[in-house]
Amino acid sequence: MAGPFCPPPGGVRPRPPRPTPAREGSAAVLDALAAAAAEVDPDGLASLIGIAAAGVVDPRSGMVTSATDSIRGWAGTALGAGLADRTGLPVACDNDVRATAGPELTALADSRGSLLYAAVGTGVGGALAVDGRMLHGAAGIAGHVGHLPSPEAAGLPCTCGATGHLEVIASGPGITAHYARLTGTRPDRLETVAARAAEGEQAAVRPITPGAPAAGRVLGGLANALGPDRVVVGGGVPRIGALYRDALATAFAAELMPPLRGLHPEPPLHGGDAAVRGAAALPATLPLHRPGAHR
């Protein structure tokens with residue numbers, strides 16, 4: 001999660017990492033966010049808060065409308081109002097992947113440009129911006145590209161409760177689970193599978209090769225539908241090596257209609273502060289949820 005306070009002229013203050021009390025429930029998470037906000041603004045200079053959070057976040061209602069059980073009781077949390085009440089400041093909120101994509105959209109040469117952003121890591125998240133405007137959709141669900149159907153994932157259960165979604169086969173946990181299905185042994189982490197694949201172990205290559213092309217095909221199809229100026233693929237999974245990145249890019253290119261043939265997936269321009277910067281910009285464009293508004 002990112003709940004930033006960026007001092008003028010847009011710098012990011014150092015902030016110590018804080019564990020998310022995910023198993024203690026949503027109230028504990030909101031308390032931790034409020035404590036983090038107070039820690040980085042000890043003089044009380046902030047007048048607004050931007051918060052980027054996991055799950056399906058509806059900026060208009062300020063609610064987490066859907067979430068996995070990674071944070072206990074996170075679905076249904078009044079994120080905007082809950083943090084506003086704890087801090088005494090107006091709060092704008094959004095999904096963490098959309099906030100991370102915000103600086104990528106700002107970086108487009110044309111302020112009316114369009115962007116397709118995918119974050120492939122523990123899950124497969126995404127963000128869609130058309131004609132310079134980030135799309136949120138009903139209940140804030142726009143951009144969840146990991147829940148598009150993928151033939152490679154047919155019959156496999158997804159974290160959302162459905163089956164056969166891209167996230168099941170293309171995400172880090174999806175790849176390691178596929179390795180476990182093929183070998184009968186569960187690796188400690190994705191990087192272990194990647195290292196074994198680099199050494200030529202076919203049982204490690206096989207779970208990577210369906211997930212990467214599956215992601216490429218989904219993103220290529222979305223590019224045809226949206227007509228983006230840029231396609232950005234971030235997250236930890238593309239960093240495991242060329243085997244994943246090249247297979248994704250090849251499958252992506254094969255899907256494109258002729259006007260988009262010069263388009264290719266690019267790595268993010270911004271580093272670890274992207275979500276913080278994106279969250280800090282949210283109050284300028286999204287509804288503000290004020291203290292005491294829902295009492």
Just by modelled atom types, is the [Y] backbone N or O under 3.5 Å from a matching donor or acceptor in the [X] side chain?
X: Thr68; Y: Ser70; result: yes
X: Asn224; Y: Glu255; result: yes
X: Asp273; Y: Val276; result: no
X: Arg72; Y: Arg23; result: yes
X: Arg245; Y: Pro265; result: no
X: Arg230; Y: Ala107; result: no
X: Trp74; Y: Val29; result: no
X: Thr65; Y: Ala139; result: yes
X: Glu167; Y: Gly123; result: no
X: Asp85; Y: Pro291; result: no

Verify the cluster assignment for [X] and [Y]: are they in a single hydrophobic cluster under the rule of side-chain heavy atoms below 4.5 Å apart?
X: Val232; Y: Val218; result: no
X: Leu30; Y: Ile71; result: yes
X: Val57; Y: Val97; result: no
X: Leu248; Y: Leu148; result: yes
X: Leu128; Y: Leu105; result: no

> What residues, two or more places apart in sequence or in another chain, satisfy ring pair (Phe, Tyr, Trp, His ring centres under 6.0 Å) together with His136?
Replying inline: none
> Can you list the residues that meet the ring pair (Phe, Tyr, Trp, His ring centres under 6.0 Å) rule with His144, with sequence neighbours excluded?
Replying inline: none
Closest contact, heavy atoms only, [X] versus [Y]:
X: Arg86; Y: Ala27; result: NH2-O, 3.8 Å
X: Pro173; Y: Gly121; result: CD-O, 3.7 Å
X: Ala99; Y: Ala275; result: CB-O, 4.2 Å
X: Asn95; Y: Gly55; result: ND2-O, 2.7 Å
X: Val145; Y: Ala118; result: CG2-CB, 4.5 Å
X: Tyr244; Y: Pro238; result: CD2-CA, 4.0 Å

> Are any of the side-chain nitrogens in Asp58 or Arg60 under 4.0 Å away from the carboxylate oxygens of its partner?
Replying inline: yes
> Which residues pass the side-chain contact (heavy atoms from CB on, under 4.5 Å) test with Pro228, sequence neighbours left out?
Replying inline: Leu116, Ala223, Leu226, Val231, Leu263
Once you round to the nearest 0.5 Å, how far does [atom1] of [X] lie from [atom2] of [Y]?
X: Thr250; Y: Arg217; atom1: OG1; atom2: CZ; result: 11.0 Å
X: Thr159; Y: His165; atom1: OG1; atom2: NE2; result: 9.5 Å
X: Leu79; Y: Ser61; atom1: CG; atom2: OG; result: 9.5 Å
X: Ile51; Y: Asp96; atom1: CD1; atom2: CG; result: 9.5 Å
X: Thr285; Y: Arg133; atom1: OG1; atom2: CZ; result: 11.5 Å
X: His147; Y: Leu166; atom1: NE2; atom2: CG; result: 9.5 Å

Using side-chain heavy atoms (C-beta onward) and a distance below 4.5 Å, is [X] in contact with [Y]?
X: Ile240; Y: Leu190; answer: yes
X: Asp131; Y: Ser114; answer: yes
X: Pro207; Y: Leu182; answer: yes

> Is Arg181 atom CZ crowded by more than 12 heavy atoms from other residues, nucleotides or ligands, each under 6.0 Å away?
Replying inline: yes
> In a check of side chain to side chain contact (heavy atoms under 4.5 Å, CB included) between Pro283 and each of Leu288, Leu89, Val91, which one passes?
Replying inline: Leu288
> Taking only residues two or more places apart in sequence or in another chain, which ones pass side-chain hydrogen bond (donor to acceptor under 3.5 Å, both in side chains) with Ser111?
Replying inline: none
> Looking at residues at least two apart in the chain, or sitting in another chain, which of them share a side-chain hydrogen bond (donor to acceptor under 3.5 Å, both in side chains) with Thr209?
Replying inline: none
> After noting the C-alpha distance and the side-chain angles of Ile49 and Thr87, does the key distance pass the side-chain contact (heavy atoms from CB on, under 4.5 Å) rule?
Replying inline: CA-CA 9 Å; Ile49 294 178; Thr87 61; 3.5 Å; yes
> Can you name the salt bridge (Lys or Arg N to Asp or Glu O under 4.0 Å) partners of Arg196, sequence neighbours left out?
Replying inline: none
